[in-house]
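Below you'll find the structure, written out as structure tokens, and then a few comments.
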Number of protein chains: 2
Amino acid sequence: MTDKNIPDIVVSRLPIYLQTLQHLSRQGKTITSSQELGEQSFITAAQVRKDLSFFGGFGKQGSGYDINYLSARIRQILKVDRIWNVALVGSGDLGHAIARYPGFAERGFHIRYVFDNDPAKIGKMIGTLPIISTDKMVEIIRQEGIMVAMITVPSRAAQSVADQLVQAGIKAILNYAPVALNVPENIRVETVSPILQLEHMTYYL
Amino acid sequence: MTDKNIPDIVVSRLPIYLQTLQHLSRQGKTITSSQELGEQSFITAAQVRKDLSFFGGFGKQGSGYDINYLSARIRQILKVDRIWNVALVGSGDLGHAIARYPGFAERGFHIRYVFDNDPAKIGKMIGTLPIISTDKMVEIIRQEGIMVAMITVPSRAAQSVADQLVQAGIKAILNYAPVALNVPENIRVETVSPILQLEHMTYYL
DNA sequence: TTCTGTGAACCGCTTCACAGCG
DNA sequence: CGCTGTGAAGCGGTTCACAGAA
């Protein structure tokens, strides 16, 4: 089910649908249509139906999609029907903001460890989590079998951190540093690039 | 020059090239090739050449591209060869982290005002910036002619903030709230969606 | 010779349009 | 009758391959 040659761009829209479905659900709706789901996701209805059809027929012809059922199926497909333990590397302002933001845990991404290489920070707490030395990072991540990490260290340190994470067995990295990370093919990296997004928009101003 | 029907996807790669060029420049390089620029940006050499050719011939056949010259031209195209004043709405953890992060100013995005609707926060300082009541937001933004804003308020408040920003004359919004914002066609919105990025990656694990 | 700039071929995603099921 | 699921058509971005400039 996981990989039947589904276009990556289709997979990237599933989280959007999921977000919109939760939004509709919070409004008390139980049924939706490709029309409604599309409008609220800014995606055409035909696109929505095509995307979902890659994974099977989730709708009922004539009536539409059951919101709870469709949400559950998409969560299964994306493997977010479970808890993911996450390691956070970098305890600067951004690291703090992320560690204290409840939104990740609400979606099943539980930050379990915070690492930093600054001796002055080791042992200090962020909420209930102690800041741990990066010296122990590889060992802990491997031991705990953690597969997902976030990087919020300065750019110059990001590649070296990524290398260590790969060595520790991390399989998915969310990178907040404004650099392109080099990792083996079987490791997923997504970069959060607000500056590039701003630069993209100014073109049109 | 700004809009000669350049595909949006091409524009979205220019900031990546710019980032890589700065990286190459910091390494002391002065000349590069579509090959090298592409490898470090994880984009094919043909794609790099094709993208740049939309805007004119910036390279020298046989030798390659002058890094300083190409950087300057891309900055012109993206209109990041100037200072952009930015309004930040929301002074929670994330707002604080953004306001204190020097990276935006380094790229020409200067955060000039921070707004929040929490009376307890009004008047407190973030660095050198006072937190200002959202009651004054529309007036100040309009008066100062600010065109770029960032939203870091909770999801439930984001659409209402966006509406006010549009009313105030904002033309580009960088949205950190996990919701799809509805704005008029002539306003640009980009959403920072780390959670969707994580959900995208877990599909492949 | 090297590497850019670019028409043309290719490929893959999007949109269309309708059959078919509830 | 309404809305999904889907083959087929359409379209746009990517890759190819080479002419041509330095």
Side-chain angles (χ1 to χ4, degrees), chain A residues 1 3-18 20-21 24 29-74 77 200 203-204, chain B residues 1 3-18 20-21 24 29-74 77 200 203-204:
Chain A
M1 141 104 83
D3 224 83
K4 204 185 170 187
N5 287 346
I6 312 286
D8 186 63
I9 194 161
V10 171
V11 177
S12 75
R13 280 191 294 263
L14 297 183
I16 302 176
Y17 299 144
L18 194 52
T20 302
L21 286 168
L24 290 169
K29 297 214 169 100
T30 58
I31 300 282
T32 189
S33 63
S34 60
Q35 184 71 33
E36 181 179 51
L37 182 50
E39 267 170 23
Q40 303 219 12
S41 307
F42 299 99
I43 292 168
T44 65
Q47 184 80 81
V48 171
R49 292 200 300 280
K50 191 66 143 184
D51 285 350
L52 297 179
S53 76
F54 274 102
F55 303 95
F58 299 150
K60 281 192 171 45
Q61 292 180 329
S63 61
Y65 300 90
D66 180 274
I67 290 177
N68 280 337
Y69 177 70
L70 182 55
S71 294
R73 294 307 308 273
I74 294 179
I77 294 165
H200 181 190
Y203 173 82
Y204 296 98
Chain B
M1 138 108 80
D3 223 82
K4 208 185 165 185
N5 287 346
I6 312 285
D8 185 64
I9 194 159
V10 171
V11 177
S12 74
R13 280 191 292 262
L14 296 183
I16 302 175
Y17 299 144
L18 194 52
T20 302
L21 286 167
L24 290 168
K29 296 215 168 101
T30 59
I31 301 281
T32 188
S33 62
S34 60
Q35 183 72 33
E36 183 179 50
L37 183 49
E39 268 170 22
Q40 302 218 13
S41 307
F42 299 99
I43 292 167
T44 65
Q47 183 81 80
V48 171
R49 293 200 301 278
K50 191 65 141 183
D51 285 350
L52 297 179
S53 75
F54 275 101
F55 303 95
F58 299 150
K60 282 193 170 46
Q61 293 180 327
S63 61
Y65 299 90
D66 181 274
I67 289 176
N68 280 338
Y69 177 69
L70 183 55
S71 294
R73 296 307 310 273
I74 294 180
I77 294 165
H200 181 188
Y203 173 81
Y204 296 98

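In what follows, chains carry the letters A, B, and so on, assigned in the order in which the sequence lines appear, proteins first and then strands, with residues in each chain numbered from 1. Predicted model only: the values in this text are computed from it and were never measured.
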- Query: For the pair made of CD in B:Q35 and P in C:dT2, what is the distance, rounded to whole Å?
  - Reply: 13 Å
- By a strict heavy-atom criterion of less than 4.0 Å, which residues belonging to residues 61-71 of chain B are in contact with DNA chain C? B:Q61, B:G62, B:S63, B:G64, B:Y65
- Item | Close side-chain approach of B:F54 and B:P7, heavy atoms under 4.5 Å | yes
- Message: What I'd like to find out is whether the side chain of A:D8 reaches to under 4.5 Å of the side chain of B:Y204, using heavy atoms alone.
- Response: yes
- Short side-chain N/O contact from B:S33 to OP1 or OP2 of C:dC3, under 4.0 Å: no
- side-chain contact (heavy atoms from CB on, under 4.5 Å) involving B:S63 - partner list, sequence neighbours excluded: B:K60
- Query: Which of these, B:V48, B:L21, B:L18, B:T20, sits in a side chain to side chain contact (heavy atoms under 4.5 Å, CB included) with B:S41?
  - Reply: B:T20
- Message: I need the A:I74 CD1 to A:Y65 OH distance, nearest 0.5 Å.
- Response: 9.5 Å
- Query: For B:K60 and C:dT4, what is the distance between atoms NZ and C1' respectively, to the nearest whole Å?
  - Reply: 12 Å
- Task: Please examine the side chains of B:I6 and B:V11, heavy atoms only from C-beta on, and report whether any two atoms are closer than 4.5 Å.
- Result: yes
- Query: Once you round it to whole Å, what is the distance between P of C:dC13 and CG of A:N5?
  - Reply: 10 Å
- Task: Please list all pairs passing the salt bridge (Lys or Arg N to Asp or Glu O under 4.0 Å) test where one or both residues lie in residues 33-53 of chain A, with sequence neighbours left out.
- Result: A:R13-A:D51, A:K29-A:E36
- Taking atom C1' of C:dC13 as reference, at what distance in whole Å does atom CD1 of A:I43 sit? 13 Å
- Message: For the helix from C:dT1-D:dA22 to C:dG22-D:dC1, what angle separates the axis at the start from the axis at the finish, each from five pairs, in steps of 10°?
- Response: 10°
- Whole angstrom is fine here: how far is it from OH in B:Y17 over to P in C:dT4? 12 Å
- Do the side chains of A:I67 and A:L37 get nearer than 4.5 Å, heavy atoms only? no
- Using a 4.0 Å heavy-atom cut-off, write out nucleotides 7-18 of chain D from 5' to 3' as B (base contacted by protein), S (sugar-phosphate only) or - (no contact). BB----SSB-B-
- Atom CD1 of A:I31 to atom P of C:dG22: distance rounded to whole Å? 15 Å
- Note on the structure: Contacts satisfying salt bridge (Lys or Arg N to Asp or Glu O under 4.0 Å) that involve residues 61-72 of chain A (not counting sequence neighbours) are none
- Determine whether A:F55 and A:L14 make a side-chain contact, defined as any pair of heavy atoms from C-beta on separated by less than 4.5 Å. yes
- Message: Does A:I43 form a side-chain contact (heavy atoms from CB on, under 4.5 Å) with A:Y17? I'd like the steps, not just the answer.
- Response: CA-CA 9 Å; A:I43 292 168; A:Y17 299 144; 3.6 Å; yes
